[in-house]
S.K.: 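Dumping the structure here so I can ask a few things about it.
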Amino acid sequence: MSQCCRKIKDTVQKLASDHKDIHSSVSRVGKAIDRNFDSEICGVVSDAVWDSREKQQQILQTAIVEHLYQQGMLGVAEELCQESTLNVDLDFKQPFLELNRILEALHKQDLGPALEWAVSHRQRLLELNSSLEFKLHQLYFIRLLAGGPEKQLEALSYARHFQPFAVLHQREIQVMMGSLVYLRLGLEKSPYCHLLDSSHWAEIRETFTRDACSLLGLSVESPLSVSFASGCVALPVLMNIKAVIEQRQCTGVWSHKDELPIEIELGMKCWYHSVFACPILRQQTSDSNPPIKLICGHVISRDALNKLISGGKLKCPYCPMEQNPADGKRLIF
């Protein structure tokens, strides 16, 4: 009995010691989470950014619905619209429905809907310098080549579709015509085996998505995913700035809802608009302070122009030309 009691006591002490080590590690994890995660993330941005909470909710719901439509999750988007009582008209949905229908066909290697769409929008695609229609005809021709010698006559007949593109895509057309020589021997073992590469289907889907979105006035990437990715980069910097502002008690330094207190580098991928900084005031121009082009060709901000006016005249800060301030023209980049 005495031996059993000692054995139990030793086991309990060992378990208590092990538990103490584990408890110490677990408690450090909790402290690390508290130290690295701020529960008051919403406090980074002032409530003045949004017109109202209802407006904020509507913008967020619209962004989520647009993301779902763009990803082809039409059923989920419709369900969200019903449950959130968000009114989305057919004109908003139609471009996404058409885009997803054609992309789904391309996933099944069906070129018909995409070719029909490209032909009906030929003029606008040419204005964008798009080669989408040619690439679709090229891929259709390659599919015929993959059918072997039995499809040779059909391929030659289809080659007439390349006539409008002969000037811009002469080299590619020559390569496809040259591949006919090896059709009986098999393209897989010929110098033209690259034509049968399956990566062409992924490329045509990317090309169609890019050109169709440009034509329909849509962004290639979902605005929600771009905003989320940008927020992940910007949030830690903004939280540090917020802490510094609160520590130094200068909350008024960040009062504008349409600009940040510092510049945050998001990378070239997130550059969507040209930015002009006034060389005089060294401030970024905005809608309320746009860039103004002077008669001499130099460009300054409107605020700088107003400060340089003396006696109803303006002297350019870069050259000695005097001019009437009213002659300055607003620039839009």
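Computed over heavy atoms, backbone and side chain alike; hydrogens, waters and symmetry mates excluded.
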S.K.: Shortest non-hydrogen contact from G231 to P236?
M.R.: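 In terms of heavy atoms, the two residues are closest at O-CD, 4.5 Å.
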S.K.: Between L183 and G148, which heavy-atom pair has the shortest distance, and what is it?
M.R.: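 Smallest heavy-atom distance, with atoms named: CD2-O, 3.8 Å.
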S.K.: How long is the span from the CG atom in L139 to the CG atom in L111, to the nearest 0.5 Å?
M.R.: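 Separation between the atoms: 5.0 Å.
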S.K.: Spell out, yes or no, whether Y318 and I309 are grouped together once hydrophobic residues are joined by side-chain heavy atoms under 4.5 Å, including indirect joins.
M.R.: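 They do share one cluster, since a chain of ILVMFWY contacts under 4.5 Å joins Y318 to I309.
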S.K.: Side-chain contact test, heavy atoms from C-beta onward, threshold under 4.5 Å: evaluate it for L74 versus N100 and give yes or no.
M.R.: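 Yes, at least one pair of side-chain atoms sits under 4.5 Å.
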S.K.: Would you find a donor on one side and an acceptor on the other, under 3.5 Å apart, between the side chain of R330 and the backbone of P291?
M.R.: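 Looks like no, no N/O pair under 3.5 Å.
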S.K.: Which pair of heavy atoms, one from E133 and one from L115, lies closest together, and at what distance?
M.R.: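 Residues E133 and L115, closest heavy atoms: O-CD2, 4.5 Å.
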S.K.: Would F134 and L168 count as a side chain to side chain contact (heavy atoms under 4.5 Å, CB included) if you check the C-alpha gap in whole Å, the side-chain angles of each, and the deciding distance to 0.1 Å?
M.R.: CA-CA 10 Å; F134 169 75; L168 294 175; over 6 Å; no
S.K.: Before you tell me yes or no, could you show the steps for K315 and L308 under side chain to side chain contact (heavy atoms under 4.5 Å, CB included), namely the whole-Å CA-CA distance, both residues' side-chain angles and the distance that decides it to 0.1 Å?
M.R.: CA-CA 7 Å; K315 187 173 182 180; L308 291 170; over 6 Å; no
S.K.: More than 12 heavy atoms of other residues, nucleotides or ligands under 6.0 Å from CD of Q323: yes or no?
M.R.: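 Yes, enclosed.
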S.K.: Tell me which one of H169, Q170, Q174 satisfies side-chain contact (heavy atoms from CB on, under 4.5 Å) with E172.
M.R.: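 It is H169, the one option of H169, Q170, Q174 that forms the side-chain contact (heavy atoms from CB on, under 4.5 Å) with E172.
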S.K.: Checking D211 side chain against S130 main chain: does a donor-acceptor pair fall under 3.5 Å?
M.R.: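 No; judged by distance alone, with no hydrogens or angles, the pair does not exist.
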S.K.: Would you say I300 and F276 make side-chain contact, with heavy atoms under 4.5 Å?
M.R.: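 A side-chain contact under 4.5 Å is absent here.
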S.K.: If you round to the nearest 0.5 Å, how far is CE of M321 from NE2 of H298?
M.R.: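 Reported value, rounded in 0.5 Å steps: 9.5 Å.
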S.K.: What do you reckon, is NZ of K93 surrounded by more than 12 foreign heavy atoms closer than 6.0 Å?
M.R.: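 Check passes, neighbour count above 12.
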S.K.: Of all the heavy-atom pairs spanning I280 and P317, show the shortest one and how long it is.
M.R.: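 Closest approach of I280 to P317: CD1-CG, 3.6 Å.
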S.K.: Quick one, L314 and L305 - any side-chain contact, counting heavy atoms below 4.5 Å?
M.R.: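 When only atoms from C-beta onward are counted, L305 and L314 do touch, with a gap below 4.5 Å.
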S.K.: So, do L97 and Q94 sit near enough that their side-chain heavy atoms are less than 4.5 Å apart?
M.R.: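 SC-SC contact between L97 and Q94 confirmed.
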S.K.: Does one hydrophobic cluster hold both L86 and V76, with members joined at side-chain heavy-atom distances below 4.5 Å?
M.R.: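 Yes, L86 connects to V76 through the hydrophobic network.
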S.K.: Hey, what's the ring geometry for F92 with Y69, parallel, tilted or perpendicular (30° and 60° as the breaks)?
M.R.: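 Perpendicular: the ring planes of F92 and Y69 meet at over 60°.
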S.K.: Distance check, rounded to the nearest 0.5 Å: I142 atom CD1 versus S179 atom OG?
M.R.: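 Here the interatomic distance stands at 8.0 Å.
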S.K.: Among the clusters formed by ILVMFWY side chains lying less than 4.5 Å apart, do F162 and V119 turn up in the same one?
M.R.: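 In one cluster: no.
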S.K.: For side chain to side chain contact (heavy atoms under 4.5 Å, CB included), just list the numbers for L187 and C193, CA-CA rounded to whole Å, side-chain angles, deciding distance to a tenth of an Å, and then say yes or no.
M.R.: CA-CA 5 Å; L187 285 182; C193 59; 6.0 Å; no
S.K.: With no hydrogens and no angle check, do the side chains of H161 and Y140 hold a donor and an acceptor under 3.5 Å apart?
M.R.: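 Checked: H161/Y140 side chains show no N/O donor-acceptor pair below 3.5 Å.
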S.K.: Atom SG in C4, atom NZ in K9: separation rounded to 0.5 Å?
M.R.: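 Taking SG in C4 and NZ in K9, the distance rounds to 15.0 Å.
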S.K.: For Q109, look at atom CD and say whether over 12 heavy atoms of other residues, nucleotides or ligands are found less than 6.0 Å away.
M.R.: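 Yes, enclosed.
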S.K.: Please report the shortest heavy-atom distance between L125 and A118, naming the atom on each side.
M.R.: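 Looking at all heavy atoms of both residues, the closest pair is CD1-O, 3.7 Å.
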S.K.: More than 12 foreign heavy atoms under 6.0 Å from CD of E104: is that the case here?
M.R.: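 Open.
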S.K.: Is it the case that T209 and R205 place a side-chain donor and acceptor less than 3.5 Å from each other?
M.R.: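 Looking only at side-chain atoms, R205 and T209 do not form any donor-acceptor pair under 3.5 Å.
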S.K.: Would you say that more than 12 heavy atoms from the other residues, nucleotides or ligands in this model lie under 6.0 Å from the CG of D10, or not?
M.R.: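 Count over threshold, so yes.
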S.K.: Please round to the nearest 0.5 Å and tell me the distance separating atom CD of E203 and atom NZ of K135.
M.R.: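 Here the interatomic distance stands at 7.0 Å.
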S.K.: A side-chain contact here means heavy atoms from C-beta on lying under 4.5 Å apart; do M176 and Y192 qualify?
M.R.: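 Side-chain contact under 4.5 Å: no.
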S.K.: In terms of hydrophobic clustering (I, L, V, M, F, W, Y; side-chain heavy atoms under 4.5 Å; direct or indirect links), are L185 and L144 co-clustered?
M.R.: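 Linked, L185 and L144 end up in one cluster.
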S.K.: Looking only at atom types and distance, does a side-chain atom of R282 sit under 3.5 Å from a main-chain N or O of P279, one as donor and one as acceptor?
M.R.: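 Here the side-chain-to-backbone pair does not exist.
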S.K.: So, does D303 use its side chain to make a donor-acceptor pair with the main chain of N289 at under 3.5 Å?
M.R.: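 No: the side chain of D303 does not pair with the backbone of N289.
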S.K.: Are Y182 and E188 close enough that a side-chain donor and a side-chain acceptor fall under 3.5 Å?
M.R.: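 Checked: Y182/E188 side chains show no N/O donor-acceptor pair below 3.5 Å.
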S.K.: Within the 4.5 Å heavy-atom criterion, are Y158 and R143 side-chain neighbours or not?
M.R.: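 Result no, sub-4.5 Å side-chain heavy-atom pair not found.
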S.K.: Going from NE2 on H121 to CG on L126, what distance comes out if it is rounded to the nearest 0.5 angstrom?
M.R.: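 Spacing of NE2 (H121) from CG (L126) equals 13.0 Å.
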S.K.: Is a side-chain N or O of S214 found less than 3.5 angstrom from the main chain of R210, in a donor-acceptor match?
M.R.: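 Side chain of S214 to backbone of R210, a donor-acceptor pair under 3.5 Å: no, none is there.
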S.K.: Indicate yes or no for a side-chain donor-acceptor contact from S120 to the backbone of E116 under 3.5 Å, with no hydrogens or angles considered.
M.R.: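 Side chain of S120 to backbone of E116, a donor-acceptor pair under 3.5 Å: yes, one is there.
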S.K.: Answer yes or no: does atom CZ of R184 have more than 12 heavy-atom neighbours from other residues, nucleotides or ligands under 6.0 Å?
M.R.: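 Open: at most 12 neighbouring heavy atoms sit under 6.0 Å from CZ of R184.
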S.K.: Just so I know, are the side chains of F141 and L195 near enough to count as touching, which here means a heavy-atom distance under 4.5 Å?
M.R.: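 A side-chain contact under 4.5 Å is absent here.
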S.K.: Tell me whether Q13 at atom CD has more than 12 heavy atoms from other residues, nucleotides or ligands lying less than 6.0 Å away.
M.R.: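 Count over threshold, so yes.
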S.K.: Apply side chain to side chain contact (heavy atoms under 4.5 Å, CB included) to E66 and S222, showing your working.
M.R.: CA-CA 8 Å; E66 183 176 343; S222 160; over 6 Å; no
S.K.: What is the minimum heavy-atom distance between T285 and S301, and which atoms define it?
M.R.: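 Minimum heavy-atom separation between T285 and S301: CG2-CB, 3.9 Å.
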S.K.: Do L180 and L145 have side chains that approach each other closer than 4.5 Å (heavy atoms only, starting at C-beta)?
M.R.: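 L180 vs L145: side chains touch.
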S.K.: So if you build clusters from Ile, Leu, Val, Met, Phe, Trp, Tyr with side-chain heavy-atom gaps below 4.5 Å, do I295 and I292 land together?
M.R.: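 I295 does not cluster with I292.
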